[in-house]
Protein chains: 2
Amino acid sequence: MTDTASQIAILNQAATGCILIAEDQPDVSEALRLLLKGAGFKTEWANSPARVVQAIEQRSFDAVLLDLNYARDTTSGEEGLDLITRLRGIDAILPLVVMTAWSTVDLAVHAMRLGANDFIEKPWNNARVIALLRKQIDLAVDARKENARLRMERFDADEAREIQRSLLPTELPQIPGIEISADWLPARGVSGDYFDVIKFSETRVAFCIADVAGKGMPAALLMSNLQATVRAFATPERAPRELCEKVNSILCKNQVAGRFITFFYGILELKTKSLVYCNAGHNAPILHRHHGSFARLEEGGPVLAEFPEQVYEQGVTQLGADDRLLLFTDGVSEARNAAGDEFGEQRLLEVMAAHRGLGALELRRKLLQNVHEFSELPLHDDATLLVLAVL
Amino acid sequence: MTDTASQIAILNQAATGCILIAEDQPDVSEALRLLLKGAGFKTEWANSPARVVQAIEQRSFDAVLLDLNYARDTTSGEEGLDLITRLRGIDAILPLVVMTAWSTVDLAVHAMRLGANDFIEKPWNNARVIALLRKQIDLAVDARKENARLRMERFDADEAREIQRSLLPTELPQIPGIEISADWLPARGVSGDYFDVIKFSETRVAFCIADVAGKGMPAALLMSNLQATVRAFATPERAPRELCEKVNSILCKNQVAGRFITFFYGILELKTKSLVYCNAGHNAPILHRHHGSFARLEEGGPVLAEFPEQVYEQGVTQLGADDRLLLFTDGVSEARNAAGDEFGEQRLLEVMAAHRGLGALELRRKLLQNVHEFSELPLHDDATLLVLAVL
């Protein structure tokens, strides 16, 4: 059945209104039947917990009026409490209105904590029974609609994430003399983070990382736009600062106030290990030299999508054997722990220093492991890590 | 206050639990106070409808126990019913538990339809009162969290829509000898539809329309990606079929199974009014000749993003003075009425024929008006219309 068809079925049920009376006393059941009939409800009767479960599994009801005490034991309410738990396992929304002559605070609270929607004492007040049933049935119709909407949203969100994932490199290219490893972790279903690795030839590779201001769907739309723009204009001949200028000028035409983008783009000559890069307002990548010192790749200019006709500079650096380069977004460095402290860039440097010998994959995992151990929370921002290891 | 701060405040309230007792009888109020204190609740007392409203406006409560009858009139419940309406206007979620000694079916149903959450008869059962209050407070905490989530989502959706809108031409270019008018109507917040008009020079203009399979966020991400790709590769020198081949080959690299795109792209030479186009699986645009005949622009090939290395054909047609060209997505032609019938392409032709003299703007409006009058429903799919009128 489609969502729409099942929604229409639910609406029709609400109009006709069929109540299951779960009650072992025939006279009580009959009195309820007459009351409910007078108010326009249909009823069915099940006189034992087993028959109640069977009825609920076999067809749809709009609500259940549920006695807590059946033949086995007529005052503790345990049979009824078990039944509530079983029915909730079958249907999370179906209104369950408990009726009992033996109400105590504990029993009432217990029944409602287990999932009963309301609680009626015997002997009941007719007005209350009808009013509560109508209210619970209305609430359940709303809840089922909301559930259907959420299911569709979740389905959409899963697909959106899959599409975003497909915009990133599915496999990082094999590059002689370099090891590359990356993680892309959206805080919500989709992300404003982007990274890419483009192998122009056996001797030249470009890589980039970016962070669109904000999170979620708005950021993801711009990330998707950025990916296509970078892929279109990143060519072996175009210098990093020219690429930044080109991408910036295009993004500035899509005027979205306040949605700037930080971006880092570099081209590595594999023979000479010379890295030419442009940093457009992004957290400066960390270059950990094999002899232990650190450098930060900061040359470039301001963020993208803010200043039309911005001119960018570029930096050049020489990578050496066993150097490690870390590109990251602020979801990594600004991960917070329960006390509100940031992981911070200093800790990134410390983890890199403590694990100098590791390859790209292991270093990337070690960094992320440290971030997770520090924050012990789901990340509050999109996080991306890209590690290059020179062999 | 930020969303997070207000959520924490709500959680703290739930832990302490402060109930407003709205009741004009001091002895009843005192009995309730003692009962609730024993169950761990704080209480405040307001002995008239005016004081209840004042209290609710001034500070936060976790629930209200609400007498329906005050001094003015002690049995009809009208004062209490008015009060429910007023309180619901102030706070849509605050649990309102009505208490009355004068219950009838009508009054109970009425109170709950107006927004009361539950209904307790006097004299009350202690167990019931405590159980119901706890349940209603739990439900309200959940509802406030859900509300905060929905507010954030709505904020995100509004921003996403604004971003998408910014990817479309904000103003259509002024083009000598041609009038262009367009509508872009997302079925949900965002859309899989795309159109563009690119003025290469005073003598050459390109225009396109596209429809990504699906709706909502997944389709919107690909629409954003497509926009950047088209803008990057649409140049005055690149023939329409080459553009389609280029865009197709790039989209095929972002492998998302089933997410094909229909696309139409044309370049119009303004001096000669010669239109070269390529139709990649899109609903064939309708060319309404000034002498009354119709042509459909069908040359091209299959949809984009499905067949890597696909070769496309292109068509050429000559526009004449007073010709009208309609580009549209299937959200227009497949708009349905309540009976499930489609508007259909035949009706598009009929509307165009019936309004031959109109300019681009008026014809576009007339077409949309007819679609809306036919369907009388919100559109179930993204809809886009682009009308060109040759002067």
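The chains referred to below are lettered A, B, ... by the order of the sequence lines, with proteins before strands, and numbering in each begins at 1. Atoms considered below: every heavy atom in the structure, side chains included; atoms not considered: hydrogens, waters and symmetry mates.
Side chain to side chain, B:N225 and A:N225 fail the donor-acceptor criterion of an N or O pair below 3.5 Å.
Residue with the most contacts toward chain B among A:L226, A:I120, A:L167: A:L167 (heavy-atom pairs, distance under 4.5 Å). Heavy-atom pairs under 4.5 Å with chain B peak, among A:G189, A:G214, A:A116, at A:A116. Each of B:A157, B:A160, B:P218 has some count of heavy-atom pairs under 4.5 Å with chain A, and the biggest count is that of B:P218. No other option in B:L221, B:L222, B:T229 has as many heavy-atom pairs under 4.5 Å with chain A as B:L221. No other option in B:E146, B:M223, B:E159, B:K135 has as many heavy-atom pairs under 4.5 Å with chain A as B:K135. When each of B:A228, B:S224, B:A232 is checked for heavy-atom pairs under 4.5 Å with chain A, B:S224 comes out on top.
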### Query
side chain to side chain contact (heavy atoms under 4.5 Å, CB included) between A:R134 and A:F41: does it pass, once the steps are laid out?
CA-CA 10 Å; A:R134 291 212 174 131; A:F41 293 105; 4.0 Å; yes
### Query
Given the rule in the salt bridge (charged side-chain N to carboxylate O under 4.0 Å, His left out) test, do B:R231 and B:D196 qualify, once you have shown the distances and angles that lead to the verdict?
CA-CA 9 Å; B:R231 290 250 175 125; B:D196 215 341; 2.7 Å; yes
### Query
Does the pair B:W184 and B:D193 meet the rule for a side chain to side chain contact (heavy atoms under 4.5 Å, CB included), with working shown?
CA-CA 8 Å; B:W184 176 84; B:D193 279 6; 3.9 Å; yes
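Heavy atoms closer than 4.5 Å to chain A are found nowhere in B:D158, neither backbone nor side chain. With a threshold of 4.5 angstrom between heavy atoms, B:L133 does not approach chain A through any atom at all. Contacts between B:R161 and chain A at a heavy-atom distance below 4.5 Å are absent for every atom of the residue. Heavy atoms of B:R165 lying under 4.5 Å from chain A are absent altogether.
In this structure, B:R259 contributes its side chain and B:A213 its backbone to a donor-acceptor pair below 3.5 Å.
The line from CD of B:Q227 to OG of B:S166 is 8.0 Å long, rounded to the nearest 0.5 Å.
Between A:E153 and A:R149, at least one side-chain nitrogen of the basic residue sits less than 4.0 Å from a carboxylate oxygen of the acidic one, meeting the salt-bridge criterion.
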